[in-house]
Colleague: 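Pasting a structure below so you can have a look.
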Amino acid sequence: MKRALLVFGVALATLSGCVSVQPWQRGIQAKRCMKINPDATATAFEQHVFEYREGSAGGYETVGGSGCGCN
Amino acid sequence: VRLQLRLCGGALLFSLTAAAEPTVLPATRAGIYQDSDHTTILTASAGATGTLDDRYRVGVRYLVDVVSSASVDVVSQATGTFHDVRHDISMSGGYDDGSRSLIAGYSFSTENDWTSHNVSLAGSHDLLERNLTLSGSLAFQSNAITRANSIGFAESLKSYLANLAASYTLSERDLVQVALASSLHDGFQSSPYRYRTIDDVSELERYPEERLRQALVLRHHHYFTGEWALRNHARLYADTYGVESLTLGSEAAWERAPFEWSLALRGYGQTGARFYREQYAQPERYMSFDKELSPFVDVFLGPTFAYQRAALGPFSSFRVDARVSGFYFRFFEFAALDERWGVVADIGASATF
């Protein structure tokens, strides 16, 4: 966990060092296909399959109800 | 000066009028999962998100899973096919002005043998002229586990989850994100049904009560000329059961209003839990008969199609999408099922008015 936090901190510090894109240059970034999670419900449906069919979970911005997953 | 005041007054009046305009975003989605291990899951959800005063957001959603399975896990327990229905109700609300948000949520889910309460708090903040977005969430889940048609079996599981993410606009065409997720699970985590006969004695599988799970996700989205984007992600995962996994995903997405197409490919591989054995010669302190804790790889591949209109009938925006993925699993140390394949598909619709 400490290593992960260190990576996270270094990445954050690196990213914080510059402002590369001005507000009037953000047209492409506003497109749906550039968004991290454009549809939370669709993402939750998708992750629901992975979380119960694979032995690992987490990291995809979904917090849902639990269950046995019908294994 | 009078003109300026009038302009300012007009702008203020316009902004107040616009700000006071509430919006409602109803959304519905339905999906099906079918695999070669005789498992079918039908899922449907309906919900709505509303914004008040452009700064306050509330949401509610209902989801239902209908499960029918005769998988090797079920059949090996001599219980034949089982059917179950899971209901999940969630609600959320909080502040979201577009550059800062703080949203609280609660969900309740129940099925034949499992009841879960989940509370969460998520926030985000834009920095560096909105080039950097920091976001995080905390959640707590309390689960009660019973066993269908069995009196006296009662277990519990408490989960504590934390997520931290930073998204950065690297250039006009590049977006990167690094995200960390950590969760601690304390309590009953094995199946209440999964038994094996060892030395002529039927043994219920047993897992360590505490499991710490950690994941690191890296994403990169790049927009090419020609109205298409490539969305890549990699995920590293490790937990205290000894499961380590790598996920690699790539999705090519095209946008040409009013249509969107995409094709996604995702590959996954994991090691098994350190206490997992294909066969146990004698009962051990921890035992797993679960193929999801064995070493395996899988791959998902499939397209998505979407149609979106800025205005349609009574709606100020309307969107419908459909996606389908074929998948294949290869289990390396699970004799009862060495491979599994199938299809998962869903269709969704949302609108704003």
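Numbers restart at 1 for each chain; the letters A, B, ... are given by sequence-line order, proteins then strands.
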Colleague: Nearest 0.5 Å please: distance from the NE2 atom of B:His222 over to the CD1 atom of A:Ile28.
Modeller: 8.5 Å
Colleague: Can you tell me which portion of B:Glu244 sits under 4.5 Å from chain A's heavy atoms? Options are side chain, backbone, both or neither.
Modeller: neither
Colleague: Check step by step if side-chain contact (heavy atoms from CB on, under 4.5 Å) holds for B:His221 and A:Ile36.
Modeller: CA-CA 8 Å; B:His221 295 181; A:Ile36 295 291; 4.1 Å; yes
Colleague: Go through the atoms of B:Phe327 and report whether side chain, backbone, both or neither lie under 4.5 Å from a heavy atom of chain A.
Modeller: neither
Colleague: Could you tell me whether a side-chain N or O of A:Gln29 sits under 3.5 Å from a main-chain N or O of B:Asp174, the two making a donor and an acceptor?
Modeller: yes
Colleague: Name the region of B:Phe300, side chain, backbone, both or neither, that has any atom closer than 4.5 Å to a heavy atom of chain A.
Modeller: side chain
Colleague: Output the distance between atom CZ (B:Arg266) and atom CZ (A:Phe50), rounded to the nearest 0.5 Å.
Modeller: 4.0 Å
Colleague: For B:Tyr237, is it the side chain, the backbone, both or neither that has a heavy atom under 4.5 Å from a heavy atom of chain A?
Modeller: side chain
Colleague: Tell me, for B:Leu63 versus chain A, whether the close heavy atoms (under 4.5 Å) come from the side chain, the backbone, both or neither.
Modeller: side chain
Colleague: Between B:Gln270 (side chain) and A:Glu54 (backbone), is there a donor-acceptor pair under 3.5 Å?
Modeller: no
Colleague: Can you tell me how far CD of A:Gln25 sits from OG1 of B:Thr169, rounded to the nearest 0.5 angstrom?
Modeller: 11.0 Å
Colleague: One thing to verify: whether B:Asp35 and A:Arg53 come together as a salt bridge, which I'm taking to mean a side-chain N less than 4.0 angstrom from a carboxylate O.
Modeller: no
